[in-house]
Every structure is written in C-alpha cells, then in structure tokens.
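One structure below.
In what follows, every chain begins at residue 1, and chains take the letters A, B, ... in the order their sequences are listed.
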There are 2 protein chains.
Amino acid sequence: MQLAKHIQKFTGLDDNVVAAICNKFTQITARKKEILLEEGQRCCHYYYVEKGCLRLYFTDDKGVEQTIQFALESWWMTDLNAFNKNSNSSYSIQSLETSTIMGIENKTLQSLMEKHPALEKYFRRIYERAYSAALFRMKVLRLPKDISYNMFEKQYPEFVQRIPQKILASFLGFTPEYLSELRRKKAKHK
Amino acid sequence: MQLAKHIQKFTGLDDNVVAAICNKFTQITARKKEILLEEGQRCCHYYYVEKGCLRLYFTDDKGVEQTIQFALESWWMTDLNAFNKNSNSSYSIQSLETSTIMGIENKTLQSLMEKHPALEKYFRRIYERAYSAALFRMKVLRLPKDISYNMFEKQYPEFVQRIPQKILASFLGFTPEYLSELRRKKAKHK
DNA sequence: ATAAAATCTTAAGCTGGTTTAAGAAATGTA
DNA sequence: TACATTTCTTAAACCAGCTTAAGATTTTAT
C-alpha cells in the first residue's frame with residue numbers, strides 16, 4: 001500500500017502504528033470518468049491517490065468545466081473548505097482513469113490526528129507541498145498561454161498523453177480549440 | 001504581540017512556552033513600499049504580519065509586476081519553495097503599508113518545530129488555511145474579470161480603499177486601465 | 001464488427017481586455 | 001508651499017484568445 005509507505009516516510013512512525021492508521025481508511029476503486037464528489041453535495045471524504053488520477057473542477061455560468069487541479073499518485077484531494085466545515089462542495093471530483101484511492105471521513109481523520117500527533121507533521125508537510133504547488137500554479141497562470149502550455153508539456157510529457165486535451169485545456173485556462181491551434185503552431189515550427 | 005496569541009489559540013500551549021517560541025523571532029518594522037525580499041535573492045525569512053500588509057509578486061517578461069497574493073494581519077508569507085530549499089526566490093515581497101512583522105529563519109523554525117511538536121499542528125492549520133484560500137482564488141481567477149472584481153470589492157471593501165488600484169489590478173489579473181474602466185461602468189449603472 | 005458518442009481539428013468572424021498615449025489627480029518630499 | 005513623482009483616468013486602435021460550426025478521428029458500448 002502506497003499510503004502506508006508515504007506516512008512512514010514523512011513521520012518515521014512504527015510499521016504497526018502506520019498499519020493501524022491506514023486501517024481506518026476505505027479503499028476505493030474508481031472507474032474512468034467516475035464522479036467521486038458532485039458540486040453541491042456533502043463533501044464526506046478526503047482522497048489519497050494510490051494509483052491513477054483525479055481532477056477537481058467546477059462548472060462555470062456558461063456550463064464549461066473549469067479544472068482547478070489534478071491529483072496523481074501520492075497526492076491528496078478534496079474540497080478542503082467543504083470537508084472541514086462538513087458543508088456542500090463547490091467543486092466536483094472525477095477520476096480520469098481507473099484509480100485506486102484511499103478515502104477517509106473528517107471525524108475519523110480528526111480522531112486519528114488526536115491519537116497520533118505525528119500525523120500533524122505528516123499533514124503539515126502535505127499541505128506545505130500543496131500550498132507551494134498552488135503558488136507556483138498561480139504564477140504559471142499569469143504567463144502567456146502558449147508559454148504555460150509549453151511549460152506543462154515539458155514538465156509532464158507523459159501526463160499530456162494520458163489525459164484528454166479538453167481537460168488539459170480547462171486546467172491551463174483556455175479552450176480546447178485554442179489548445180489545438182497551439183499544438184499545430186508548435187508542430188509547424190519544428 | 002499578535003503572534004503569541006495566534007499560536008496559543010491554535011495549539012493551546014502554555015503562555016511561557018509560547019513566549020519562548022516567539023522569542024526566537026525578529027521583530028521588523030517595514031516602511032510603506034519597502035522591499036523585504038527581492039526576486040533572485042536568497043529567501044531567508046518567513047514573515048508573520050502583526051500589523052499592516054505584504055504582497056508577493058513577480059515581474060513578468062514585459063516588466064509588469066504580477067501580484068500573486070497579499071498577507072494581512074495574522075497571515076504568513078514567504079516564497080515557500082525558496083525558503084525550504086534555501087535557494088533564490090522567484091518572487092519579491094513588498095510591504096504596502098508601514099507594517100509590523102515577525103521574521104524567522106528556516107533553521108530556527110526547524111529547530112523550534114523539533115523542540116515543540118505542537119507547532120506542527122499550528123503550521124498544519126496555517127497551511128491548511130493557506131491552501132484552501134489558494135484553491136478558492138484559483139476558482140475566482142477563472143471567472144469573468146468584472147465578476148471577480150465585484151466579488152473582491154464586496155468581500156474586502158476597506159482593503160480596496162487601502163491599496164493602490166494598480167496593485168489590486170495586478171492581483172485580479174488585469175491592467176489598471178481596465179480596472180478604471182470597470183469602476184466607471186459600475187458607477188454609471190447605479 | 002458496428003453504431004453511437006465523445007473528442008479533436010480547422011477556419012472565419014468576433015470580443016474582452018490590452019496597448020499606447022496624454023492629461024488629471026493624488027502623493028511624497030524639500 | 002511648490003515641485004517631482006507616482007497613480008489614475010479616458011479614449012482609440014489593436015490583438016490574443018473565444019465562439020461558432022462542421023468535418024475528421026478516436027473511444028465506448030453492444
């Protein structure tokens with residue numbers, strides 16, 4: 001199990017303690033395109049991606065899905081605000097592939113953290129990483145669109161192949177048609 | 001001191017322990033417009049805003065300053081990636097007002113966290129809040145510009161008065177000229 | 001294998017927001 | 001108080017990226 005190794009790596013906790021922690025999680029297999037959380041519904045779970053890929057998105061006033069972020073292996077995903085306040089979600093979460101996921105509810109997570117303070121360190125580092133990535137992404141979104149596409153392609157070449165173009169476009173903040181145009185221009189200039 | 005109260009509130013630590021922790025911080029008074037960290041320089045400090053306001057920004061290829069985020073009272077700010085890796089910063093940090101700030105170096109912070117594991121909980125919550133805010137901001141930046149301006153004005157009416165328009169524009173992702181136009185249009189329609 | 005659905009491409013016309021430029025207002029400084 | 005500097009406004013010309021639409025390709029389901 002990836003999660004156990006991950007927690008072990010960040011906390012240095014004993015194997016059997018880690019096992020007891022992981023025991024509180026529910027293992028979920030999500031099919032390609034399966035919706036794990038729907039905008040407006042109660043956000044009951046925090047998800048850890050063992051294998052596969054999730055995306056967090058919302059649907060704008062024009063009905064277009066806007067992808068906020070992806071979660072690949074070893075990343076966590078939820079609508080954090082809704083999860084913590086036990087309120088309705090402002091986002092949807094979808095599995096982009098057949099994914100293996102560990103899910104946990106808020107109450108369970110809180111009691112785990114109380115019982116195992118070392119988990120505070122684990123999540124401190126998880127959030128630190130997530131926040132740092134969010135800052136970087138904020139910067140990238142300010143660059144001209146062609147540049148942010150090139151950066152993304154360079155950094156995640158295999159991932160660009162893995163996901164539908166339209167979803168990548170919605171992540172980078174433009175239309176699929178424009179992404180198509182960028183790709184054509186780029187191919188031409190080689 | 002705000003910081004002590006803040007740590008106390010999130011961790012429940014003893015007053016004298018909190019005092020010992022805060023003792024490791026350096027108190028800084030930054031003048032209006034003072035630059036605390038310059039893009040390309042070593043990022044040596046994490047800043048906690050006691051009073052005033054900081055902004056994190058970078059200068060794009062056209063020489064335009066792009067504001068990534070603000071830190072008001074009780075918020076933390078640094079180039080997290082550079083701070084953790086002890087490397088050069090990709091951003092600058094500027095005080096927008098006469099601000100009172102608490103600064104700490106990475107080594108000192110790490111040793112504080114080792115000595116006081118309760119601080120892990122403190123920063124877990126700080127990062128959690130920061131990450132949640134970053135997600136929300138990502139969503140707002142996807143909305144039409146006039147809407148994101150209206151949302152911002154509604155949520156922080158006094159802050160809109162406090163900071164220069166051009167900096168607000170760079171935060172919302174458009175030009176000062178366009179912000180001017182939006183304001184004029186809005187005033188007309190009343 | 002085959003039909004249906006989803007995705008991707010191309011191209012033309014269009015628009016939200018930028019650029020440029022110049023004057024007005026506010027702010028900082030001696 | 002006056003001068004210099006920065007910020008804000010206005011308006012016109014412009015363009016990066018969107019919209020629309022229709023055909024081509026790929027994926028999914030049976």
Side-chain angles (χ1 to χ4, degrees), chain A residues 30-35 52-53 55 57 59-67 94-99 140-153 159-190, chain B residues 30-35 53 55 57 59-67 94-98 140-153 159-190:
Chain A
R31 292 181 309 282
K32 197 171 179 172
K33 293 195 186 181
E34 184 173 338
I35 306 285
C53 173
R55 72 165 175 137
Y57 66 99
T59 303
D60 69 18
D61 10 329
K62 292 179 185 165
V64 179
E65 291 177 0
Q66 301 284 348
T67 301
Q94 182 187 38
S95 176
L96 294 179
E97 313 177 335
T98 304
S99 304
V140 170
L141 285 176
R142 296 302 184 85
L143 304 175
K145 312 267 174 176
D146 54 340
I147 292 178
S148 65
Y149 170 66
N150 286 338
M151 283 178 72
F152 191 86
E153 201 193 28
F159 187 58
V160 171
Q161 309 305 321
R162 245 163 92 180
I163 58 166
Q165 301 284 333
K166 57 178 282 193
I167 286 175
L168 175 56
S170 87
F171 177 76
L172 294 173
F174 44 77
T175 59
E177 292 82 1
Y178 187 62
L179 177 52
S180 229
E181 194 182 323
L182 285 181
R183 287 162 61 83
R184 178 165 33 111
K185 276 183 191 161
K186 207 183 170 186
K188 199 178 288 179
H189 284 287
K190 271 184 184 163
Chain B
R31 293 179 307 283
K32 196 171 178 172
K33 294 195 185 181
E34 185 173 336
I35 305 286
C53 174
R55 72 166 175 137
Y57 66 97
T59 303
D60 70 18
D61 9 330
K62 291 179 186 165
V64 179
E65 290 177 1
Q66 301 283 350
T67 302
Q94 183 187 38
S95 176
L96 294 179
E97 313 177 334
T98 304
V140 170
L141 285 175
R142 297 303 184 84
L143 304 175
K145 313 267 171 174
D146 53 340
I147 291 177
S148 66
Y149 170 67
N150 286 338
M151 283 178 71
F152 191 86
E153 201 192 28
F159 187 57
V160 171
Q161 308 307 320
R162 244 163 93 180
I163 59 166
Q165 301 284 333
K166 57 178 283 194
I167 287 175
L168 175 56
S170 87
F171 177 76
L172 295 173
F174 44 77
T175 60
E177 292 81 1
Y178 187 60
L179 177 52
S180 228
E181 195 182 323
L182 285 181
R183 287 163 62 83
R184 179 164 34 111
K185 275 184 192 162
K186 206 184 171 188
K188 201 178 289 180
H189 284 287
K190 274 186 187 165

Looking at B:Lys145 and B:Leu172, would you say the former's side chain and the latter's main chain have a donor-acceptor pair under 3.5 Å?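 Here the side-chain-to-backbone pair does not exist.
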
Report, as a single string ordered 5' to 3', how protein heavy atoms within less than 4.0 Å touch nucleotides 13-30 of chain C: B base, S sugar-phosphate only, - not at all. ----SBBB-------S--

Can you pull the contact range of chain B along DNA chain D, 5' to 3', using atoms under 4.0 angstrom from its heavy atoms?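 Going 5' to 3' along DNA chain D, contacts run D:dT6 to D:dA11.
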
On a heavy-atom basis, which atom in B:Val140 and which in B:Met151 lie closest, and how many Å separate them?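 The answer is CG2-CE, 4.0 Å.
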
Heavy-atom pair with the smallest gap, counting every atom of B:Ser95 and B:Ala30: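 Shortest heavy-atom separation between B:Ser95 and B:Ala30 comes out as CB-CB, 3.7 Å.
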
Difference in axis direction between the ends of the helix from C:dA1-D:dT30 to C:dA30-D:dT1, five pairs, 10°: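 Taking five pairs per end, the axes differ by 70°.
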
Whole-Å gap separating P (C:dT7) and CG (A:Leu168):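 From A:Leu168 CG to C:dT7 P: 14 Å.
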
Straight-line distance of A:Gln165 CD to A:Arg183 CZ, nearest 0.5 Å: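 If we round to the nearest 0.5 Å, A:Gln165:CD and A:Arg183:CZ are 4.0 Å apart.
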
To the nearest 0.5 Å, what is the distance between OH on B:Tyr178 and CG on B:Asp146?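 B:Tyr178 OH to B:Asp146 CG: 5.5 Å, rounded to 0.5 Å.
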
Only counting residues at least two apart or in another chain, list the ones meeting side chain to side chain contact (heavy atoms under 4.5 Å, CB included) with B:Thr67.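 B:Thr67 satisfies side chain to side chain contact (heavy atoms under 4.5 Å, CB included) with B:Arg55, B:Tyr57, B:Phe70, B:Ile167, B:Ser170, B:Phe171 once adjacent residues are dropped.
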
Criterion side-chain contact (heavy atoms from CB on, under 4.5 Å) on A:Lys186 and A:Asn150, from CA distance to verdict: CA-CA 9 Å; A:Lys186 207 183 170 186; A:Asn150 286 338; 3.1 Å; yes

Within the pair A:Arg184 and C:dA11, is there a side-chain N or O less than 4.0 Å away from OP1 or OP2?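 So the side-chain polar atoms of A:Arg184 do come within 4.0 Å of the phosphate oxygens OP1 or OP2 of C:dA11, strictly under.
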
Under the side-chain hydrogen bond (donor to acceptor under 3.5 Å, both in side chains) test, which residues partner B:Asp60, sequence neighbours left out?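 B:Gln66.
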
Residues which pass side-chain hydrogen bond (donor to acceptor under 3.5 Å, both in side chains) with B:Glu181, listed by chain and number, not counting sequence neighbours: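 Once residues adjacent in sequence are excluded, the partners of B:Glu181 under the side-chain hydrogen bond (donor to acceptor under 3.5 Å, both in side chains) criterion are B:Lys185.
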
Compare all side-chain heavy atoms of A:Glu97 with those of A:Cys53 and state whether any distance is below 4.5 angstrom.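 SC-SC contact between A:Glu97 and A:Cys53 confirmed.
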
